[in-house]
Amino acid sequence: MTAGWIGIGKVRAREVGDAVEITIDGLTTQAKYYKPLVYEFMRKEWSSRPSYGDYTVEILMEHVGDPPWLDLDNLAKALLDAIKGYLFHDDAQVARLLVERREGERERITIRVFPRPSVG
């Protein structure tokens, strides 16, 4: 099941099956810019409650031309801090984290969060 997008500004989100996708339009070199931006979106727009269990988080930064001078580890930390308490209770629940930068058709960041299947 795919739900429609929530949000009309720089940040939008939707549920696709068990996953939550969040997109942020535009890029900046300041990772700290993203934490309050995404946090406010989650606080005002997101309605589901956080869950327990292990999660996979995939973060993709798409850029046009030369990549921005931005440390991916700082970006990941800012975004995890922003969604903590809304999609999962604590960063310790992130069992797999993939952060990638690549050239794309537009400048944006996409975050996918989904439960990690249990083994066994």
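Numbers for residues simply follow the sequence, beginning at 1. In what follows, every heavy atom counts, from backbone to side chain, and hydrogens, waters and symmetry copies are set aside.
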Q.
Using only atom types and a distance under 3.5 Å, with no angle test, would you say the side chain of Lys84 pairs donor to acceptor with the backbone of His89?
A. no
Q. Quick check: does any side chain N or O of Tyr55 sit under 3.5 Å from a backbone N or O of Leu97, one acting as donor and the other as acceptor?
A. no
Answer yes or no: is there a side-chain heavy-atom contact under 4.5 Å between [X] and [Y]?
X	Y	answer
Ile109	Ile59	yes
Glu58	Phe114	yes
Met61	Leu75	yes
Ile83	Phe88	yes
Leu80	Val94	yes

Which distance, rounded to the nearest 0.5 Å, do you find between the [atom1] of [X] and the [atom2] of [Y]?
X	Y	atom1	atom2	result
Glu107	Leu27	CD	CG	4.5 Å
Ile6	Trp46	CD1	CH2	4.5 Å
Tyr34	Asn74	OH	CG	12.5 Å
Arg112	Glu21	CZ	CD	5.5 Å
Met42	Leu37	CE	CG	12.0 Å

If you take all heavy atoms of [X] and [Y], which pair is closest and at what distance?
X	Y	value
Thr29	Leu70	O-CD1, 3.3 Å
Gly65	Glu103	N-OE2, 3.6 Å
Ala31	Ala78	O-CB, 3.5 Å
His63	Pro68	CB-CD, 3.8 Å

Q. Is there any salt bridge (charged side-chain N to carboxylate O under 4.0 Å, His left out) pair reaching into residues 65-76, and which pairs are they, with sequence neighbours excluded?
A. none
**Q.** Pairs touching residues 26-38 that satisfy salt bridge (charged side-chain N to carboxylate O under 4.0 Å, His left out), sequence neighbours left out
**A.** Lys35-Asp81
Q: Decide side-chain contact (heavy atoms from CB on, under 4.5 Å) for Leu72 and Arg101; before the verdict, give the C-alpha distance in whole Å, the side-chain angles of both, and the deciding distance to 0.1 Å.
A: CA-CA 8 Å; Leu72 290 180; Arg101 177 185 69 215; 4.0 Å; yes
(Q) Just to verify, which of Val57, Ile111, Ile22 counts as forming a side chain to side chain contact (heavy atoms under 4.5 Å, CB included) with Leu87? (A) Ile22
(Q) Test of understanding: with salt bridge (Lys or Arg N to Asp or Glu O under 4.0 Å), list the residues that count as partners of Glu62, not counting sequence neighbours. (A) Arg108
Q) Which residues pass the side-chain hydrogen bond (donor to acceptor under 3.5 Å, both in side chains) test with Gln93, sequence neighbours left out? A) none
Q) For Asp54, which residues count as a side-chain hydrogen bond (donor to acceptor under 3.5 Å, both in side chains) partner, sequence neighbours excluded? A) none
Q.
I'd like to check the ring-ring contact (aromatic ring centres under 6.0 Å, His included) partners of Phe41; sequence neighbours left out, ordered by chain and number.
A. none
Q. Run the side-chain contact (heavy atoms from CB on, under 4.5 Å) check on Tyr39 and Tyr86 step by step: do they pass?
A. CA-CA 9 Å; Tyr39 175 81; Tyr86 294 97; 3.6 Å; yes
